[in-house]
Amino acid sequence: MKDLQKIVLIILLLALVVGQKTVTGQEKKDTVSEITPDLKLGYLNTSNDSITLTADIFVKRETGNFALQNAEVEFTASADKENKSLGKAKADVAGTAVLKLYVKSGLPVDKEGKTTFTVSFAGKDKYLAASGNVAFKKAKILVTFTKEDTIRTIHVKAVQVEANNEQKPIKGETVNVYVPRMLSNLKIGEVKLDDNGTGTVEYPGALVGDSLGNIAVIAMIEESDLYGTVKGQSTISWGIPKQYYLAEKPSTRELWTPIAPIWMIITLIIMLTGVWGHYIYAVVQLIMIKRQSKQKKDYF
Amino acid sequence: MDESNEKKKRSRRDFLKKGLLAGAGVVAGGSLIAAYVDKSEKESGEKVRALTTDGQIIEVDKAVIKTPRVSIKESHEGIPGRKFVMVIDLAKCKNARKCVEACQKGHHLPKSQEFMKVYLLQDSDKSAPYWFPKPCFHCDNPLCVSVCPVGATYKRSDGIVLIDNDRCIGCKFCMTGCPYSTRVFAWKHYNEFDEDKEPYSPEAGSPGKEGTVSKCDFCPDLVRIGKLPYCAQNCPMGVIYFGDIDEDTVTNGTETYRFSELIRDRAGYRYLEVLGTRPTVYYLPPVERQFPVDRGFNDLDENVKNRYKNTPYVKSHKK
Amino acid sequence: MENKPTREKLLREFAPQIERISASSVLWILFLLGVIGIGVYAFVTQVTEGHEVTGMRDNVVWGIYIVNFIFFMGMSYAGAIISGALHLFRTEWRKPIIRMAEYLAIISLLIGPGYILLCIGRLDRLPFLAVYGRIQSPITWDVIAISTDIFGCLIFLYLSMLRDIANLRDFSELKLPKWRKKLYSALALGYTGTPEQEKRLKRATDIMAAMVIAIAIIVYSVLAWIFSVTLQPGWHSTIFGPYFVIAAVYSGTGVLIITMFVFRKIYRLEEYITRKHFVAMGVLMVVLAALFGYFTFSDYLTKWYGSEKNDENLIKILFSQYYWPFIFSNYIGVLVPLLVIGIPKLRTINNILISAIIVVIALWLNRYLIVVPTLESPYLPIQDSRPAWAYYNPTWVEYALTAAGVALFCLLFTLGSKFVPVMNVSEMSEIPKSKGPFTEEESLV
């Protein structure tokens, strides 16, 4: 009994020593190579007083780029000397931290009406601190529709918000017009804004909407130096109602469906009953042979 | 009355469809400082739980996009209201093999298993050779599904033909049934299968299982979160377009086209139409090419290069 | 009771086969067990290390396992069709050999399906075939058909053995351990040959003989359809059902002739199995050779004449890479029996045996040539730098398991012959003729 206790004790001690060694080994490895992550800040203004900030955090290595999941980043808005923290977010599995702002007013702006957005990573473990920033002016795009006879038109109007909250038309910018699709936006036209900050594009027709025929139209100023990406969206029932694939029933002769065609099931049942019926008949004959022998026990 | 019922039904389907993609972002109101909603933290917090418990920073390979995996039952049904289609532009392919590599990385496949294969085809002696990337065609009359004795391979409502590796018995009948040599078999347990620590899902097509059949799956796990399949995402030439045929739109990530216009203007066709399998992969013929076919031999591994040494084109060049 | 003397004589003569196991047969059985043991080791290797140990790869997904499957199933159907047809037509010369045909049917039917199991990657999931079975799949048809066939053949074999089992039970001179006698007595079902019992037995046997023929044709067609429902060039052929059935019976005839020869030698049955039996089987083989040649010719003629791109390619491969196997299986395998049996002078037992052996090898190669070259020439040309992926080469595992199947076949035949005589004693003793069980006039069908 004592021996057993000794053995257990020794094993426990050994496990402890070995365990510690591996733990310290890991720590060493972690602190060896420090690395500065890349931090990219994305900006999307959706015109309805909402701004989406996305921060992509990753490290570049020989084998490719690796996203830093769980890395915590802080977003701030600043102008001149004013500095406001917007909040913190953690990067998801793809290394993206997203912050959605809903702002009517209150963002610090400089004389030109620009706000500087900064994202910063404070640094953790072997990952050093990093930051990135962009500076944009607030803008809005409005999408409306008109129809005259058979000609359907999409109207785009874009305005910018000055430091004093006054709205002025955006002149000369290029606005792309899209229809949003499952995986991307389908471009249907391009507008060069006039002096009133407006422009039109003809609706091309024969576009598939949702199953009720509703279709969304997006107008976008993309990656402008002054406004960043600004998006306006509106929906109209000009689309062709979407026909669902499911609604088409495959022909009854197709064989890949989960349930077999009825004729096949019937044929199989007929054949199997036919064959097994005969088997049963033969077995019944054998049983009868056995029975008859029992009746004539005296024969033996 | 009937009409309005029909409308309700339809809009419900639309809702389901939209709901699927809405996960990307949610806006909430309020005044400025309290205005932000840290949705991403909540979201990532859930995902973190599956991978780690202590919230430490983890490096995730950007080339292998991790997605929440749907249940096996759900992955038998398909993404509601969708019917996927792929268009491959043969005029732009230069055999860079990025599609193959990304696909193998994303599906945790060994080098010996290729869901996407690139052939060097030449239809006849005098006709021009061209590079031919070949995924699964996800046929609308899939012979592989017809012949499967256990329903391990099935066609979903969104047109995708998938394999449930938890059900496949490995009889390989589907491999002989497929006239396009699309399917691959796990002849042993490959180490690459172990890289994927998450639970198996037919949608992710990973981790692979020894003794079962697998193939290109159109990456429905990526499509579900609005991303393109690995091959389409990673093609440097934008050869591979993908989209919803009922929406009449395909994209390669940078360009988006109306499917019907693309097929009409470029004379798109389906490979071996004569077999009646009705593929959902269309090819744009290799006209007005951006690269000479020989460019495809650049920077190839020796063993990949050797694949093509018996093709009529390479043989005639040697002479 | 007028048959009794003959029956007793026959039983007395066959008793040693059943009573004793000679030293040489112990050695023989041990040898077979050794071969089977190697096969078991190969099987364990395949299960533990994965199918990579075989020569099968992504293009040639089915190799000699499926060839063996077709081959053994073919022998089984041949046994069933020959025994069923000979029984129904009441052919006199069937009597000494019909038991062998029945054994052939059931024994190869027990081995054949084993080979398709070897092709299956996940044997642990076999129950899925029943749980998730899809009626549209030819594999499901095959599973249903083969299990139906096994039951049918077992019932038919039992019916035709019943009278002999009863004979053995009643044969008091038999020196056997008690359990064997008890077993016979239980299996005999108290059959004593009363007119009513006889009538019932005859009725049941006739019906099962007809059923067994019908099922054999259906089951083997189903097997052929596994190939011909696919779109592969070389498989996608409407002729495959009947072609496979004919090829099956043809190869089975060959195997039966070899079996006859072997048992004749071992058990000294020269008195009962004579040259005439060999000639009769030989004639059957010639008819089948002609039919087989006809089907083979039709199949390749249509492919060759139209020369669709992939068919042309396949034929090119058959006449280059596979030249000799192709010539052997489709020319020599057809012409040799035609010549040997067609020319009366050549009809010796040894010649018939040699042509039977040629037929068996030719038919095995024929199945190989149907399975492998087709898989090596798919629609999309194989572009692979790994030779194993492009061309099929069986490994030792596959050869070992093939040998084990043949060994198991021999073993079961040996054990079967130790259980009930390899000849149908009761049927043979039904002939009251003094000359013996076989008469001149009945020599040919």
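The analysis underlying the following values was restricted to heavy atoms, covering all of them including side chains, and did not include hydrogens, waters or symmetry mates. Quick note on labels: first sequence line is chain A, next is B, and so on, each numbered from 1.
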A.B. asks: Between Asp58(C) and Phe185(B), is there a donor-acceptor pair closer than 3.5 Å when you use the side chain of the first and the backbone of the second?
C.D. replies: yes
A.B. asks: Val304(B), Thr176(B), Val213(B): which one forms the most heavy-atom pairs within less than 4.5 Å of chain C?
C.D. replies: Thr176(B)
A.B. asks: Tell me, for Gln136(C) versus chain B, whether the close heavy atoms (under 4.5 Å) come from the side chain, the backbone, both or neither.
C.D. replies: both
A.B. asks: Considering non-hydrogen atoms only, spot the tightest contact between Thr230(C) and Leu143(B) and give its length.
C.D. replies: CA-CD2, 3.9 Å
A.B. asks: With a 4.5 angstrom heavy-atom cut-off, is it the side chain or the backbone of Val229(C) that approaches chain B, or both, or neither?
C.D. replies: both
A.B. asks: Chain C heavy atoms under 4.5 Å from Cys144(B): which part of the residue, side chain, backbone, both or neither?
C.D. replies: neither
A.B. asks: By a 4.5 Å heavy-atom criterion (distance strictly below it), what part of Trp235(C) contacts chain B: side chain, backbone, both, or neither?
C.D. replies: side chain
A.B. asks: Select one option (side chain, backbone, both, neither) describing which atoms of Ser112(B) are under 4.5 Å from chain C's heavy atoms.
C.D. replies: both
A.B. asks: Where the side chain of Ser137(C) meets the backbone of Val147(B), is there a donor-acceptor pair that is under 3.5 Å apart?
C.D. replies: yes
A.B. asks: Under 4.5 Å from any heavy atom of chain C, what part of Asp166(B) do you find: side chain, backbone, both or neither?
C.D. replies: both
A.B. asks: Is it true that, when you exclude Trp396(C) itself, more than 12 heavy atoms of the residues, nucleotides or ligands shown sit nearer than 6.0 Å to its CH2?
C.D. replies: yes
A.B. asks: Between Lys188(B), Arg307(B), Lys309(B), Arg167(B), which has the largest tally of heavy atom pairs under 4.5 Å with chain C?
C.D. replies: Arg167(B)
A.B. asks: Is any side-chain heavy atom of Val131(C) closer than 4.5 Å to a side-chain heavy atom of Val150(B)?
C.D. replies: no
A.B. asks: Rounded at 0.5 Å granularity, tell me how far CG in Leu275(B) sits from NE2 in His236(C).
C.D. replies: 8.5 Å
A.B. asks: Quick one: which residues of residues 374-382 of chain C reach chain B at under 4.5 angstrom, heavy atoms only?
C.D. replies: Leu375(C), Pro378(C), Tyr379(C), Leu380(C), Pro381(C)
A.B. asks: If we only count heavy atoms from C-beta on, is the Met175(B) to Trp62(C) side-chain gap below 4.5 Å?
C.D. replies: no
A.B. asks: Taking everything shown except Tyr41(C) itself, do over 12 heavy atoms lie less than 6.0 Å from its OH?
C.D. replies: no
A.B. asks: With a 4.5 Å heavy-atom cut-off (strictly below), which parts of residues 100-110 of chain B touch chain C? List them by number.
C.D. replies: none
A.B. asks: Has the side chain of Lys172(B) got a donor or acceptor atom that lies under 3.5 Å from a matching backbone atom of Cys119(C)?
C.D. replies: yes
A.B. asks: Counting heavy-atom pairs closer than 4.5 Å to chain B, which one of Asp384(C), Asn59(C), Ile139(C) comes out on top?
C.D. replies: Ile139(C)
A.B. asks: With distance as the sole test, does Gln383(C) use its side chain to make a donor-acceptor pair with the main-chain N or O of Leu120(B) at under 3.5 Å?
C.D. replies: yes
A.B. asks: Do the side chain of Arg122(C) and the main chain of Cys168(B) share a donor and acceptor less than 3.5 angstrom apart?
C.D. replies: no
A.B. asks: What's the spacing between Leu117(C) CG and Cys171(B) SG if we round to 0.5 Å?
C.D. replies: 11.5 Å
A.B. asks: Might you confirm whether atom CZ of Phe151(C) has over 12 heavy atoms from other residues, nucleotides or ligands at distances under 6.0 Å?
C.D. replies: no
A.B. asks: Using 0.5 Å steps for rounding, measure from the SG atom of Cys178(B) to the CD atom of Gln232(C).
C.D. replies: 8.0 Å
A.B. asks: Quick one: what part of Ile116(C) sits under 4.5 Å from any heavy atom of chain B, side chain, backbone, both or neither?
C.D. replies: neither
A.B. asks: State whether the number of non-hydrogen atoms from other residues, nucleotides or ligands found under 6.0 Å of Tyr391(C) atom OH is greater than 12.
C.D. replies: no
A.B. asks: If we define contacts as heavy-atom pairs under 4.5 Å, which of Leu272(B), Val145(B), Asn310(B), Thr311(B) has the most with chain C?
C.D. replies: Val145(B)
A.B. asks: Report the option among Ala390(C), Pro233(C), Gly50(C) that has the most heavy-atom pairs separated by less than 4.5 Å from atoms of chain B.
C.D. replies: Gly50(C)
A.B. asks: Kindly say whether Ser146(B) contributes a backbone atom to a donor-acceptor pair with the side chain of Arg134(C) at under 3.5 angstrom?
C.D. replies: yes
A.B. asks: Does Asp299(B) have more than 12 heavy atoms from other residues, nucleotides or ligands lying within 6.0 Å of its CG?
C.D. replies: no
A.B. asks: Non-hydrogen atoms of chain C under 4.5 Å away: do they reach the side chain of Lys134(B), the backbone, both or neither?
C.D. replies: side chain
A.B. asks: Where on Ile169(B) is there a heavy atom nearer than 4.5 Å to chain C: the side chain, the backbone, both, or neither?
C.D. replies: both
A.B. asks: Quick one: does Ser385(C)'s side chain have a donor or acceptor within less than 3.5 Å of a partner on Asn303(B)'s backbone?
C.D. replies: yes
